[in-house]
Amino acid sequence: MTGTLVNTAAVIAGSGIGLLIRKALPGRYETVYFQAVGLFTLLLGVKMSLDISSPLLVVLSLVLGGFAGVACRLGERIDRLGDYVKSKMKSKNDRFTEGLTTGFLLFCMGSMTIVGCIEEGLGKTSDLLLTKSIMDFFSSIMLASALGVGILCSAALVLLFQGGITLFVSIVGQDIPGAIIAEISVVGGVILIGLSLILLKIKQIEIINMLPALLFICLFVWLKLLLQGA
């Protein structure tokens with residue numbers, strides 16, 4: 001869990017710096033920053049999605065994942081969680097929940113997260129997560145300066161998400177098929193494309209409700225490999 005712990009600490013440290021310099025950052029810089037981050041997120045999402053090898057399974061996962069998210073009211077629950085944490089912290093930041101969800105998606109949906117957690121869970125190396133920590137440190141500075149303390153709180157979600165994957169892989173104790181890792185990255189890329197549209201203020205998408213798609217794609221690819229092996 002070394003990589004995840006360092007990554008979480010990096011987000012906390014970067015967010016702390018961002019909160020300190022927040023008032024000194026003029027609004028016009030915030031606008032340019034989000035346009036830059038939105039475009040980069042779009043580029044990253046497209047790059048990840050281009051590696052698709054099972055289009056039908058990806059579409060099916062996104063649709064069923066979205067249905068599951070809506071049925072479970074995942075987006076509403078996340079909003080309520082954000083409001084609850086906000087009230088406990090006595091924060092007056094109107095963008096608290098936005099910061100919480102944006103930070104989580106940006107820090108956790110990339111291929112570096114999935115592959116890095118799997119490598120660490122298998123006891124191979126933490127290098128990928130440590131490299132990601134440096135990137136997240138600088139990203140969290142600007143994100144926290146723009147969105148506030150919600151980015152700092154997203155560090156807890158980073159710890160739970162990455163730590164959960166690492167522990168699961170360590171318990172399973174065997175190599176995860178490359179096909180599953182690849183398609184998880186594709187679905188994560190599509191989710192990042194959706195996030196980029198929100199950051200660029202092009203379209204509001206219920207992107208949180210699509211997170212169960214990550215579980216569906218694992219199941220579908222596993223069944224596909226099982227059938228091919230049979």
Side-chain angles (χ1 to χ4, degrees), residues 1 3-4 7-8 41 44-75 77-78 81 101-129 132 136 154 156-196 205-230:
M1 291 271 295
T4 292
N7 201 167
T8 303
T41 303
L44 181 61
V46 170
K47 182 178 182 298
M48 291 169 59
S49 302
L50 288 177
D51 294 329
I52 188 170
S53 60
S54 303
L56 181 60
L57 295 183
V58 170
V59 171
L60 191 59
S61 297
L62 289 167
V63 172
L64 293 181
F67 285 168
V70 171
C72 296
R73 297 182 178 179
L74 185 58
R77 294 177 189 275
I78 293 296
L81 174 63
T101 56
T102 299
F104 168 69
L105 291 172
L106 282 176
F107 297 143
C108 294
M109 287 300 106
S111 56
M112 290 182 72
T113 299
I114 306 299
V115 177
C117 289
I118 290 174
E119 286 185 348
E120 187 168 65
L122 293 173
K124 293 181 177 180
T125 178
S126 300
D127 290 351
L128 202 56
L129 289 182
K132 176 178 172 291
D136 289 349
S154 72
L157 299 181
V158 172
L159 177 62
L160 291 174
F161 184 80
Q162 294 187 181
I165 295 176
T166 301
L167 287 175
F168 174 76
V169 173
S170 66
I171 292 173
V172 171
Q174 59 184 2
D175 288 339
I176 308 273
I180 293 180
I181 298 174
E183 296 306 316
I184 289 176
S185 294
V186 170
V187 172
V190 175
I191 291 174
L192 285 180
I193 291 174
L195 177 61
S196 72
I205 301 175
E206 295 185 9
I207 203 68
I208 291 294
N209 283 330
M210 294 185 183
L211 288 179
L214 295 169
L215 298 177
F216 277 99
I217 193 63
C218 290
L219 174 62
F220 291 150
V221 176
W222 177 74
L223 288 175
K224 177 183 176 181
L225 294 175
L226 197 63
L227 292 173
Q228 288 177 342

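Values reported hereafter were calculated over all heavy atoms of this structure, with side chains retained and with hydrogens, waters and symmetry mates removed. The first residue in the sequence is number 1, and the count goes up from there.
Looking at Met109 and Leu214, their side chains come closer than 4.5 Å, going by heavy atoms from C-beta outward. Counting heavy atoms from C-beta outward, Thr101 and Leu157 have side chains that stay 4.5 Å or more apart. Under the 4.5 Å side-chain criterion, counting only non-hydrogen atoms from C-beta, Phe104 is in contact with Leu211.
Atom CD of Gln162 and atom CD1 of Ile114 lie 8.5 Å apart (nearest 0.5 Å). Atoms CD1 and SG, from Ile165 and Cys108 in turn, are 7.5 Å apart once rounded to the nearest 0.5 Å. Rounded to the nearest 0.5 Å, atoms CE (Met210) and CG (Leu74) are 12.0 Å apart. To the nearest 0.5 Å, atom CE of residue Met112 and atom CG of residue Leu128 are 4.5 Å apart. Here CD1 of Ile78 is found 15.0 Å from CZ of Arg73. Values are rounded to the nearest 0.5 Å. Rounding to the nearest 0.5 Å places CZ of Phe168 at 13.0 Å from SG of Cys117.
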Going through the distances and angles, do Glu120 and Ser126 end up as a side-chain hydrogen bond (donor to acceptor under 3.5 Å, both in side chains)? CA-CA 5 Å; Glu120 187 168 65; Ser126 300; 2.6 Å; yes
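For Leu167, the side-chain contact (heavy atoms from CB on, under 4.5 Å) partners two or more places apart in sequence, or in a different chain, are Met1, Ser170. Applying the side-chain contact (heavy atoms from CB on, under 4.5 Å) test to Ser53 and every residue at least two apart in sequence or in another chain returns Glu183. Under the side-chain contact (heavy atoms from CB on, under 4.5 Å) criterion, Ala156 pairs with no residue at all, not counting sequence neighbours. With sequence neighbours excluded, the residues that form a side-chain contact (heavy atoms from CB on, under 4.5 Å) with Leu219 are Trp222, Leu223.
Taking each heavy atom of Cys72 and Arg77 in turn, the nearest pair found is O-NE, 2.6 Å. Nearest approach of Pro177 to Leu225, heavy atoms of both residues: CB-CD1, 3.7 Å. Heavy-atom minimum distance, Ala68 versus Pro212: CB-CB, 4.2 Å.
One N or O on the side chain of Thr113 and one on the backbone of Phe107 form a donor-acceptor pair closer than 3.5 Å.
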Exercise answer: donor-acceptor pairs, residues 185-196 side-chain atoms, under 3.5 Å, sequence neighbours excluded:
residue, atom, partner, partner atom, Å
Ser185, OG, Ile181, O, 3.2
Ser196, OG, Ile193, O, 2.5

Can you give me every donor-acceptor pair (side chain of residues 56-66, partner residue at least two apart or in another chain, under 3.5 Å) with its distance?
residue, atom, partner, partner atom, Å
Ser61, OG, Leu57, O, 2.7
Ser61, OG, Ile217, N, 3.3

